[in-house]
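Right, one structure below, let's go through it.
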Amino acid sequence: MISLLLSMLRARRGQAVVLALLSLFAVAAAVAAPAYLQAVDRSIVAGQVETAAARERSLSVTASVNPRNDDGFDFADVAGGLVDLPGFDQVYGGEFPAVGIEPDRVRASRVTYRQDACAHLTIVAGRCLAGSGDVVLGEQTAARLHLGPGDPITLTFAALGGSNSQPIYIADGAPARLTVAGTYRPADPAETYWGGHGYFDLDTAGRPGEPVFASAATIAGMDHGMTAVSIDVTAGPGALTAAGLPETRRRLGELQARASQLGKGLVVTTELPRLFTRIDASQELARRSVPTGAAPLLLLAYAVLFIAADYATTGRRPELAVVALRGTRWWTRWWLTLGEGLAAIVLGGLAGCVAGQLLVAAVVAWRFPGVGAPVFTVDALRYAPVALLGAIAAALVAQRRHLTAPVAGLLRRLRGRTAGWRVRAGEAVVAVLAAAATLQLFLTDGSLTGVAVVAPALVILALALATARAVTPLARLAGAWALRRGRLTTALAAFQLSRRAGAQRLILLLVTAVGVLGYAVTATDLAARDRDLAAQISTGAPRVLTVASVGREQLLQAVRAADPAGAYAMAVVELPAGRPGEAPRLAVDTTRLAAASTWLGAYGAADPGALATRLRPPVRDVGLTIPGQDVTVDATVTGARPDNPVGLKLVLAGPRGRANVDLGTVHNGPGTYQQRVADCADGCRLVGVHLTNLEPAATATRLTVVLNAVRTINPARTAATGAQLADLGRWRASAATLTAAPDGLRIGVDAPDGLPNGVWVQPAEVPLPLPVATTAPASAISGLDGLDVPVTVAAHLDAVPRLGTEGTIVDLEYAERLATDSGLARDPEVWLGPAAPPDAVARLAAQGLVVVDDTRIADTRARLAAQGPALSLWFHVLAGALAVLLAAGGLALVIAVDRRERRADLAALRAQGLPRRTAARVALWTYPALVLASAPPGLATALIAWRLTGWALPVFGEPMPSLPLPHWPTGPAVPLTWLLTLLLLTAVAASTARATTPPPPRPGPATG
């Protein structure tokens, strides 16, 4: 029996090869999905680590130690042992404040040891650290203090003292005589080496931070108390890999647990878990998306295998009839029928286990070079047995009716066109499953779980079945129409298709294949456009610089000084979170909006320059400038009560930031309230006057304060007289009543419940309500200080840079003048436009800004493209291409099997007088016409399936703002792919059908 089976395989080796190849496709599809996921997992880790911010690839262990209290605790040994992470580089540091070279005690020098600091400093003059007693100073500090290489200095450890309103540093140790070895500037202030210590951030005076760097021996030789020590650990090359990630995560968890158990004030700070979370989310999205692409390919492979097995057995029907006539036992008959196909399918399935992994290896080498994914793994074979059993089941179902058919049925050349109620019931089940899977997608908000994973495949299959069901009546109508018009070739081709059940199967096959590839290309094309749009909107500008902590006024003035023409740079600050449901907000220097931002048509405002004009109407020049550091207010108070003290404060804005000036408690009668504000030595602008209860449980407050004058005593100048202050047009107030008094501005306070938020009086410079551009109606927003600001909608936008379809833009300078807080910028940034010069960062650094991060649109685009959703879509394209190849193979198989019957049909027609040329055209164009007829429904199937289910495919591997994403493909990718697919399938049909040449007619009987 085995020799007979081998003889059958040898005699029909073409059919055996076809079945083996189709089984190979089915098993390879099942093997390729997990193999591809393994490669994607590795690529995700590599891509996310490469595009991660420096702070996401490092950690820091910090503590405060006092060498004067020797308790045996060695921070360097303990912390160094804790952070023993393979592949991570450690940098030890320590610092403490000292006085001695600064002219006052308000600011202290930051004496710092940083392991191997000289390698990361650029020495401007002198040399770097060489031994004990050496220090290096920042070049600006040295210039300001008139110090240089070789100069002796004295530094003394200092502790913070004084009052809460006026803190100062007090010497607390033995003086140390040191030598300035040189002056430096940091080679790269944003370098990962410096950690998150903000060594070069602006200080309270608005000057760039420049620590006094000293060697370990110098630090050890100084008498000092409480010292901030740290070990910064940064991932080196190859430290964070897919293979080593589990071990790194385990050790990080142990590190955090041990640090907590040890106590000693050890604090572990890291954003590594944030990176791990993003990697996990990206990998999870890929695991959902890849099976969605594999499902239609697997179903199509089974369908083609079914057709191939059916047609292969059809060609053997006379042989099976002879076997049945000879009375062969049923098991022998079944073995002779099934054995040949099953052997080919099993051999093809075994080959598919290898072919699937080799195919993925080739794709990975092309798309993800350097990932290092293994070519062969046992884990990739976990679904291979299931796929092989499915292939065997498809072949058995296809051959079942041939095995159970009577001898007379096997000898019939033509088969019935309908398959009975079972086929119709199966089609109905597919339609119901497609509807259920699509409904689950909508009900679960696009969650690709359960049956929803195969929703695209089911929708494509259901639409293809509906199209195939319409082939017979449409072909019959087309044939009748052509026959009435004398188009014989078209009529014969149409009637042949309407009479053959194979036509429906081919339509099903072709529409499904075109639909699968069209769906994949649509998904890939739209996802690429989505990522590009998301990169432009979420970045906001061609280049975005994140700067270290800085005041809003400082940021604004520094950017304007670096780019005085407003040609490329714009200061941007995020507003704090507002009320629940309030859209996020950005404060930008709108004078540079057109020059710095990436302004898209999706925003809904065509001209950013015109928008800026609407957001920045003219201001009134009513501000009050205080010309010196000794700020003095003359005021007359009535109604003040000792049991309910009220404090008077001023908020002043100077060139180096804001100052909250506490003038003390107000008292009845005329008085003078004075405070020295060093930051106002060069003049300050009055931001606001604040009256507030000083007791937590304040009672009803009723008093009147008349501001008689605002002046300075050194120099002796008056900023505003009583008459000037009495001009009500210059002021606005909250929780108070303003009236003009003969000798100044009268502030009336009547607060039955006290002043929990105080009374604010501010210059009425900025228009109020504040103009905003927003995506939603708004009457008030939370300002920079968190307090409500009434607004008017100057422009309605469809989307906002950085914020997407839910956001608001305000002018930074106007919002800053309304704010009453300390003026510290929240997430300060500088947006650079396309005209930014190469030295833009250097120009900003010259104005005191420290750039800690630099992001371009291309960086964001690359980060999104390295995430799981983007990588998994390439598997969809691969599955679509394989689906078309399957369809081409199935098409060729059906045409080849039908060849004998069609030759007989054409021979009979030739005998009845059909011209040879007409018969040749019928033979050549019947199946190419079927391909052409299936192409439009295939494209429509892809687009309909995409509209119903494509929205659920993940596009981004991280949270993104709500974006105005496109819903339909508009580029050339989809029509070009469709056209190439059509040409390929038409060429296969034409080349295969060309072999079906009509024979010459038989000669008739001789006549006498």
Side-chain angles (χ1 to χ4, degrees), residues 551-557 559-560 566 570-576 578 582 585-593 609-626 649-655 657-660 683-690 707 710 719-720 724-725 727-736 738 745 747 757-774 778-795 808-826 828:
R552 297 187 294 260
E553 185 81 21
Q554 291 170 281
L555 175 67
L556 191 65
Q557 298 307 322
V559 174
R560 288 179 175 178
M570 178 174 71
V572 178
V573 171
E574 182 180 337
L575 277 77
E582 186 175 337
R585 301 161 312 286
L586 283 180
V588 306
D589 186 359
T590 57
T591 60
R592 286 113 187 281
L593 186 62
L611 176 64
T613 301
R614 299 173 68 178
L615 292 177
R616 193 179 169 86
V619 298
R620 300 178 59 195
D621 186 14
V622 297
L624 192 153
T625 300
I626 301 174
K649 297 180 180 180
L650 300 183
V651 178
L652 305 176
R658 289 195 173 192
N660 287 298
C684 280
R685 174 177 56 85
L686 177 66
V687 173
V689 178
H690 191 207
L707 299 181
V710 178
Q724 293 171 324
L725 293 172
D727 182 2
L728 297 181
R730 300 182 62 176
W731 308 99
R732 64 168 59 99
S734 64
L738 300 182
L745 176 67
I747 306 172
N757 297 318
V759 167
W760 281 101
V761 178
Q762 294 179 274
E765 302 171 292
V766 177
L768 205 67
L770 183 67
V772 299
T774 182
S779 59
I781 64 170
S782 296
L784 289 168
D785 54 4
L787 301 178
D788 283 353
V789 176
V791 299
T792 179
V793 178
T808 300
I809 294 179
V810 301
D811 183 81
L812 174 58
E813 184 176 6
Y814 284 15
E816 164 69 5
R817 287 179 178 265
L818 289 174
T820 58
D821 63 345
S822 62
L824 190 65
R826 177 185 175 90

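Only this structure's heavy atoms are used, side chains among them; waters, hydrogens and symmetry mates stay out. Remember, predicted model here, so these are calculated numbers, not experimental data. Residue numbers run from 1 in the order of the sequence given.
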**Item:** Worked check of side chain to side chain contact (heavy atoms under 4.5 Å, CB included) between E816 and E553
**Value:** CA-CA 7 Å; E816 164 69 5; E553 185 81 21; 3.7 Å; yes
In Å, rounded to the nearest 0.5 Å, how long is the span from [atom1] of [X] to [atom2] of [Y]?
{"X": "R585", "Y": "I809", "atom1": "CZ", "atom2": "CD1", "result": "12.5 Å"}
{"X": "R616", "Y": "L611", "atom1": "CZ", "atom2": "CG", "result": "13.0 Å"}
{"X": "E765", "Y": "R685", "atom1": "CD", "atom2": "CZ", "result": "6.0 Å"}
{"X": "L686", "Y": "T625", "atom1": "CG", "atom2": "OG1", "result": "9.0 Å"}
{"X": "T613", "Y": "L593", "atom1": "OG1", "atom2": "CG", "result": "10.0 Å"}

| message | Could you go through V810 and I781, starting from their C-alpha distance and side-chain angles, then the distance that decides it, and tell me whether this counts as side chain to side chain contact (heavy atoms under 4.5 Å, CB included)? | response | CA-CA 10 Å; V810 301; I781 64 170; 3.8 Å; yes
Using modelled atom types and a 3.5 Å cut-off, is there a donor and acceptor pairing between side-chain atoms of [X] and backbone atoms of [Y]?
{"X": "Y814", "Y": "P617", "value": "yes"}
{"X": "R730", "Y": "L725", "value": "no"}
{"X": "E582", "Y": "S782", "value": "yes"}

Would D821 and R658 count as a side chain to side chain contact (heavy atoms under 4.5 Å, CB included) if you check the C-alpha gap in whole Å, the side-chain angles of each, and the deciding distance to 0.1 Å?
-> CA-CA 8 Å; D821 63 345; R658 289 195 173 192; 4.0 Å; yes
Taking all non-hydrogen atoms of both residues, which atom of [X] and which atom of [Y] are closest, and how far apart?
{"X": "A720", "Y": "L624", "answer": "CB-CD1, 3.4 Å"}
{"X": "Q762", "Y": "T820", "answer": "NE2-CG2, 3.7 Å"}
{"X": "L615", "Y": "A773", "answer": "CD2-N, 3.3 Å"}
{"X": "P576", "Y": "G786", "answer": "CG-N, 4.2 Å"}
{"X": "A719", "Y": "I626", "answer": "CB-CA, 4.2 Å"}
{"X": "V759", "Y": "A735", "answer": "CG2-O, 3.3 Å"}

Quick one, L745 and D727 - any side-chain contact, counting heavy atoms below 4.5 Å? no
L784 side chain near V789 side chain, heavy-atom distance below 4.5 Å: no
Residues D589, R592: salt bridge by 4.0 Å N-O rule: yes
Query raised in the report: Hey, are R817 and D811 close enough for a salt bridge, meaning a charged N less than 4.0 Å from a carboxylate O?
Result: no
Next on the checklist: Set out, in order, the CA-CA distance, both residues' side-chain angles and the distance that settles side chain to side chain contact (heavy atoms under 4.5 Å, CB included) for L738 and I747, then state yes or no.
Outcome noted: CA-CA 5 Å; L738 300 182; I747 306 172; 3.9 Å; yes
Per side chain to side chain contact (heavy atoms under 4.5 Å, CB included), V687 is matched among V651, N660, L818 by V651
